[in-house]
Amino acid sequence: MSASITSAQATAHGGGTPPSVPHLDVDPFAIDFFENPCPAQEALREAVVYLDKWSVYGVARHAQVHAVLNDPLIFCSSRGVGLSDFRKEKPWRPPSLILEADPPAHTRTRAVLSKVLSPAMMKQIRDGFLAAAEANVDELLQRRHIDAIADLAEAYPLSVFPNAIGLRQEGREHLLAYAAVVFSAFGPPNELRQAAIERSAPHQAYVAEQCRRTNLAPGGFGACVHAFSDTGEITLKEAPLLVRSLLSAGLDTTVNGLGAAIYCLARFPDQMAKLRADPSLARNAFEEAVRFESPVQTFFRTTTREVEIDGHAIGEGEKVLMFLGAANRDPRRWDEPDRNDLTRRTSGHIGFGAGVHMCVGQARLEGEVVLAALARKAASIEINGPVKRRYNNTLRGLESLPVTIKLA
Ligand code: OVV
């Protein structure tokens with residue numbers, strides 16, 4: 001099946017007329033939704049809907065979300081990929097030059113970050129990332145009773161990613177705090193967002209300072225971004241803001257992706273057994289965890305003109321909320337979508353988005369090497385205490401996952 005997007009009749013939906021789609025009384029940014037999103041996501045997939053609580057359209061079927069992601073000029077990012085419309089409200093921070101930009105402006109900044117994070121660069125850092133993953137897992141196997149979030153999902157990326165960027169040691173505690181603000185700020189002006197922004201000043205100050213060329217070690221991703229200002233591909237003013245994108249999007253996403261993967265292995269021992277039997281499944285296990293949990297749950301787009309999705313007219317200047325997590329569990333696209341299966345064909349999942357804005361980093365190296373280390377060294381991962389969820393307007397993940405991890 002496919003979602004069609006066509007130009008709407010000029011008269012279909014003028015400003016202020018009621019939307020021609022079902023209204024749904026669901027708040028996807030409320031704690032009860034975060035606790036148990038599946039029933040509401042099933043309802044959201046029934047139709048393109050209008051969410052009265054926040055005055056936005058919602059799309060949740062795989063084909064529809066995919067279609068929106070692949071039409072970046074009609075469903076634009078430059079008016080913000082959160083609820084706030086940058087044409088109507090001042091952004092809480094200067095807009096990202098890549099995330100919150102449309103082609104053609106986006107094309108140039110995207111090309112720079114693609115080169116900074118190229119397969120050639122990844123090959124250079126791979127051995128170091130692999131050794132650090134093995135060391136982290138070895139240490140946890142000695143301790144046996146650990147918190148898989150703090151001690152692995154956070155500890156591992158924190159042990160490699162800031163070094164790869166070229167950040168100094170001092171102040172790194174701001175990185176996860178800053179990213180949490182960025183991702184909650186995409187949401188509506190609820191308590192989560194307002195509290196996050198209120199406390200953000202010290203984190204913003206830290207990040208702004210670290211993005212300067214003088215504060216980034218030679219050879220790292222940060223210095224590499226700045227080097228593109230020498231070639232003229234980006235200006236001197238743009239370079240620090242592009243480094244900011246790496247700091248905004250590169251760490252917390254990976255933490256929640258890894259957290260999802262470990263949570264899957266702990267809940268589904270049959271999948272852990274399959275992974276142990278064939279450690280080469282590590283990469284697909286990470287992809288399947290990203291599909292299954294969708295660490296980035298939602299993003300918005302803004303319509304630049306009247307448009308139809310599956311025959312539903314949407315006016316210009318409307319916010320459209322894309323449910324990546326719901327699309328990744330759409331039974332129209334996936335067999336047994338609610339089953340975690342690390343041998344499944346995961347290609348086509350949109351946990352990393354799709355189209356021109358699709359995730360440029362993808363955390364795949366970090367995900368793969370940690371899962372490969374677990375596959376080779378651990379016999380089992382068992383939950384041994386209360387699992388606590390972490391609340392964020394965009395990121396889905398855990399605050400705490402107490403486990404016993406046994407040596408193979
Ligand atoms: C994909 C993403 C998430 C958050 C922030 C950014 C990108 C950015 O470019 O700042």
Side-chain angles (χ1 to χ4, degrees), residues 65 68-69 72 75-84 86 91-103 105-117 157 161-162 165 167 174-187 192-193 196-197 200 203-211 221-222 224-226 228 234 237-257 290 294-302 321-322 324-325 349-364 366-367 392-397:
V65 177
V68 170
L69 284 168
F75 297 95
C76 83
S77 292
S78 57
R79 289 167 73 167
V81 297
L83 177 65
S84 175
F86 292 176
W92 73 278
R93 62 170 193 165
S96 164
L97 298 177
I98 181 162
L99 179 76
E100 292 152 341
D102 303 322
H106 167 267
T107 313
R108 188 170 49 85
T109 51
R110 170 80 186 199
V112 167
L113 282 195
S114 294
K115 284 183 241 178
V116 170
L117 301 170
F161 183 76
I165 300 275
L167 295 176
H174 288 286
L175 289 169
L176 284 175
Y178 179 75
V181 178
V182 168
F183 282 94
S184 261
F186 294 128
L192 266 175
R193 181 180 200 265
I197 292 176
S200 68
H203 312 315
Q204 289 199 70
Y206 163 80
V207 165
E209 180 63 22
Q210 304 321 306
C211 289
F221 294 144
C224 191
V225 170
H226 280 280
F228 281 95
I234 51 172
K237 260 186 68 181
E238 288 173 324
L241 260 185
L242 270 183
V243 176
R244 193 193 70 177
S245 285
L246 297 178
L247 300 186
S248 300
L251 190 65
D252 212 355
T253 46
T254 308
V255 165
N256 286 290
V290 172
S294 300
V296 174
Q297 284 276 296
T298 50
F299 267 127
F300 291 85
R301 294 292 188 257
T302 313
L321 179 54
M322 304 179 293
L324 307 179
H349 82 73
I350 49 180
F352 293 123
V356 298
H357 286 283
M358 187 176 186
C359 182
V360 69
Q362 308 212 345
R364 282 193 179 121
E366 288 158 279
N392 182 285
N393 279 331
T394 303
L395 294 173
R396 174 169 181 77

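On a predicted model such as this, the values are computed, not experimentally measured, just so you know. Just so you know, ligand 1 is whichever comes first in the structure, and atom 1 is the first atom listed for that ligand.
- Heavy-atom contacts of Val182 reach the following atoms of ligand 1: 4 (C), 5 (C) (cutoff under 4.0 Å).
- Looking only at protein heavy atoms, the nearest one to atom 1 (C) of ligand 1 is Leu99 CD1, 3.6 Å.
- Contact of the Leu246 side chain with the Leu117 side chain is registered, since non-hydrogen atoms from C-beta on lie closer than 4.5 Å.
- Residue-ligand proximity, Ser248 to ligand 1, at heavy-atom distances under 4.0 Å covers atoms 5 (C), 10 (O).
- Not a single donor-acceptor pair under 3.5 Å links the side chain of Ser84 to the backbone N or O of Phe86.
- Ala249 CB, 3.5 Å is the protein heavy atom nearest to atom 7 (C) of ligand 1.
- At a threshold of 4.5 Å between non-hydrogen side-chain atoms, the residues Arg93 and Ser248 count as touching.
- In summary, the aromatic rings of Phe300 and Phe186 are positioned with their centroids too far apart to meet the 6.0 Å limit.
- Ser200 and Gln204 are linked by a side-chain donor-acceptor pair at a separation below 3.5 angstrom, with hydrogens and angles left out of the test.
- Heavy-atom contacts of Arg93 reach the following atoms of ligand 1: 5 (C), 8 (C), 10 (O) (cutoff under 4.0 Å).
- Using a 4.0 Å cut-off to heavy atoms of Ser96, the atoms of ligand 1 that qualify are 8 (C), 9 (O), 10 (O).
- Ranked by closest heavy atom to atom 8 (C) of ligand 1, the top entry among Gly353, Ser245, Pro94 is Ser245.
- In this structure the side chain of Phe352 never reaches within 4.5 angstrom of the side chain of Thr253, judged on heavy atoms.
- Under the 3.5 Å distance criterion, the side-chain polar atoms of His357 are matched with a main-chain donor or acceptor of Ala101.
- Those atoms of ligand 1 that come under 4.0 Å of a heavy atom in Phe183, given as number and element, are 3 (C), 4 (C).
- Each of the following atoms of ligand 1 lies closer than 4.0 Å to a heavy atom of Ile98: 9 (O).
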